[in-house]
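So you know, we letter chains A, B, ... as the sequences are listed, proteins then strands, and number each from 1. Computed from heavy atoms alone, side chains included, the values below leave out hydrogens, waters and symmetry copies.
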Number of protein chains: 2
Amino acid sequence: MNKTTSHNIVIVDDHSLFASSLEKLVNSFNNFNVLYHAKNGRDLQQKLKDYSELPEIILLDLNMPVMDGFETMEWLHENHKEIKVLVLTMEDDERKILKMLSNGAKGYLLKDIHPDKLNEALVQTLEKGYYHSEKVAESLLHSLHSNDTEKPTFKEREIDFMKLACSEMTYKEIADKMNLSPKTIDGYRQDLFNKLDVKNRVGLVIYALKNDISKI
Amino acid sequence: MNKTTSHNIVIVDDHSLFASSLEKLVNSFNNFNVLYHAKNGRDLQQKLKDYSELPEIILLDLNMPVMDGFETMEWLHENHKEIKVLVLTMEDDERKILKMLSNGAKGYLLKDIHPDKLNEALVQTLEKGYYHSEKVAESLLHSLHSNDTEKPTFKEREIDFMKLACSEMTYKEIADKMNLSPKTIDGYRQDLFNKLDVKNRVGLVIYALKNDISKI
DNA sequence: TTTAAAAAAGGGTTTTTCCCTGTTTTCTAT
DNA sequence: ATAGAAAACAGGGAAAAACCCTTTTTTAAA
């Protein structure tokens with residue numbers, strides 16, 4: 001492996017064990033080299049300044065403290081359009097995939113993929129400028145005609161509400177916490193009851209727990 | 001690094017990207033060598049048979065399809081007591097920690113730890129037979145203290161009621177099903193609220209699920 | 001700029017839940 | 001048998017949840 005021909009990668013992930021492990025893997029690929037990794041978006045901003053060399057590709061996680069993947073993506077799109085970003089996360093939520101891709105991500109990879117796929121993604125991103133797995137393509141198509149009876153899709157705020165509903169809080173308290181009127185919460189509640197075909201709050205709680213929307 | 005003095009590790013994790021990455025990391029440690037990785041418990045059973053060499057330490061994830069970490073731990077404890085198991089997961093739930101340790105796990109590590117900690121854990125597990133982080137020690141102590149205060153005892157009918165409360169039935173419907181007056185049910189409800197220190201039915205449901213009184 | 005859709009609120013009613021306070025029945029131990 | 005304790009039953013009233021229908025505000029799109 002010749003260092004002069006190798007392409008620089010940066011990993012952004014708060015799970016340092018994963019990041020360190022991933023670094024070894026990426027370094028083992030032909031012509032790829034991990035410059036450094038950052039714990040979150042803020043950390044990345046600092047390190048992009050501190051290091052003279054810019055990466056060609058950033059592998060970006062979504063769930064991070066301080067500055068998450070969404071914010072980071074927006075900032076990179078504004079300030080470093082030349083860096084190609086591949087999202088690398090466990091979240092296979094359709095909404096999130098679409099959000100990141102429309103914010104300029106060049107690809108969306110799930111953490112349970114085979115290492116060869118990652119290598120392929122990196123190579124293809126350099127060559128073609130993007131990489132889209134079958135899964136992502138599927139999601140995109142699915143989102144176009146999602147009239148089927150499968151898992152309903154939730155809005156961000158609905159998910160927030162469901163999580164809070166899985167607690168001893170009253171709806172009024174939930175409204176306060178979400179900075180919304182109790183009436184708006186009542187609207188979310190009603191929509192969810194209809195959408196999920198449940199009769200009351202306990203039914204909603206059970207649904208949320210069954211589908212890993214909330215954990216106890 | 002001398003291969004004859006290096007200790008064999010096996011990784012059990014369905015996230016193949018993480019597993020492959022972790023393999024590189026572990027191989028980079030002094031005197032450790034990853035034999036192979038398995039996608040789940042079933043896969044592990046097969047590979048333990050197929051390979052002539054047994055690992056000294058298994059790094060085990062919890063959330064896996066087909067055969068999860070809990071089942072796998074039980075099986076290993078029955079059939080391969082000589083292999084030391086370190087749980088490596090994202091779940092920091094106290095009950096899961098206790099469950100795995102009482103099933104014979106030699107340590108419990110979170111995936112966001114620093115790589116050095118993993119190295120330390122592996123070394124210590126070989127030397128002392130176990131590795132317990134501060135977090136795990138905390139959980140154990142906490143569970144001991146909470147042992148005295150809690151664990152209320154339930155009557156048969158109270159348990160029946162709790163199970164039914166974890167459904168969309170109203171108290172009236174539960175009363176019908178249990179052949180009791182709604183007011184009697186109201187009495188059970190009240191007693192349980194006081195006994196368990198919960199505010200409302202959702203609190204009761206969460207308690208019942210957490211303590212395996214009811215399953216969903 | 002008009003239009004349409006989605007999100008957020010409001011008003012008002014019924015049902016369920018919650019909580020306090022009791023009475024009656026059942027069981028059990030002396 | 002009988003007092004004491006637990007279990008079952010119950011009334012009244014306040015609060016929360018559930019339900020339904022309408023209106024305003026925000027957002028995105030044509």
Quiz item: If you count the non-hydrogen atoms of other residues, nucleotides and ligands that lie under 6.0 Å from CD in A:Glu82, is the total more than 12?
Solution: yes
Quiz item: Taking atom C1' of C:dT16 as reference, at what distance in whole Å does atom CZ of A:Arg189 sit?
Solution: 12 Å
Practice problem: Report yes if a side-chain nitrogen or oxygen of A:Lys155 is closer than 4.0 Å to either non-bridging phosphate oxygen (OP1 or OP2) of C:dA7; otherwise report no. | Solution: yes
Quiz item: Tell me: CG of B:Asp176 to C1' of C:dT16, nearest whole Å?
Solution: 15 Å
Quiz prompt | Protein-nucleotide distance (A:Leu164, atom CG; D:dA17, atom P), rounded to Å | solution = 13 Å
Practice problem: Kindly indicate whether the side chain of B:Lys183 and the base of D:dG12 share any N or O donor-acceptor pair separated by less than 3.5 Å? | Solution: yes
Self-check item: Distance-minimising heavy-atom pair for B:Tyr108 and B:Glu91
Solution: OH-O, 2.8 Å
Quiz prompt | Between C:dT16 (P) and B:Glu173 (CD): distance, integer Å | solution = 8 Å
Practice problem: Check whether any side-chain heavy atom of A:Leu60 lies under 4.5 Å from a side-chain heavy atom of A:Met100, and answer yes or no. | Solution: yes
Quiz item: Taking the side chain of B:Phe193 as its heavy atoms from C-beta onward, which of D:dA17, D:dG12, C:dC18 lies nearest to it?
Solution: C:dC18
Quiz item: Between A:Leu192 (CG) and D:dA17 (P), how many Å, whole number?
Solution: 15 Å
Quiz item: Does any donor-acceptor pair link the side chain of B:Asp186 with the base of D:dC9 at a separation under 3.5 Å?
Solution: no
Quiz item: In terms of side-chain heavy atoms of A:Thr184, which of D:dA18, C:dC19, C:dA8 is nearest?
Solution: C:dA8
Quiz item: Over how many whole Å does the gap from B:Leu204 atom CG to D:dA16 atom P extend?
Solution: 19 Å
Practice problem: Please report, rounded to the nearest Å, how far the P atom of D:dA18 is from the NZ atom of A:Lys172. | Solution: 17 Å
Quiz item: Rounded to the nearest 0.5 Å, how far does CZ of A:Phe193 lie from CZ of A:Arg201?
Solution: 8.5 Å
Practice problem: Under 4.0 Å between any heavy atoms, over every strand shown, what does A:Arg157 touch: base, sugar-phosphate, or nothing? Just pick one. | Solution: nothing
Quiz item: Phosphate oxygens OP1/OP2 of D:dA18: is one of them under 4.0 Å from a side-chain N or O of A:Gln190?
Solution: no
Practice problem: Name the closest nucleotide to the B:Tyr188 side chain, picking from C:dA7, D:dC9, D:dA7. | Solution: D:dA7
Quiz item: A:Glu158 CD to C:dA8 C1': how many Å, rounded?
Solution: 13 Å
Quiz item: Toward the 5' end of DNA chain D, which comes first, A:Thr170 or A:Asn194, by nearest nucleotide?
Solution: A:Thr170
Practice problem: Evaluate the side-chain proximity of A:Leu109 to B:Leu17: yes if any heavy-atom separation is below 4.5 Å, no if none is. | Solution: no
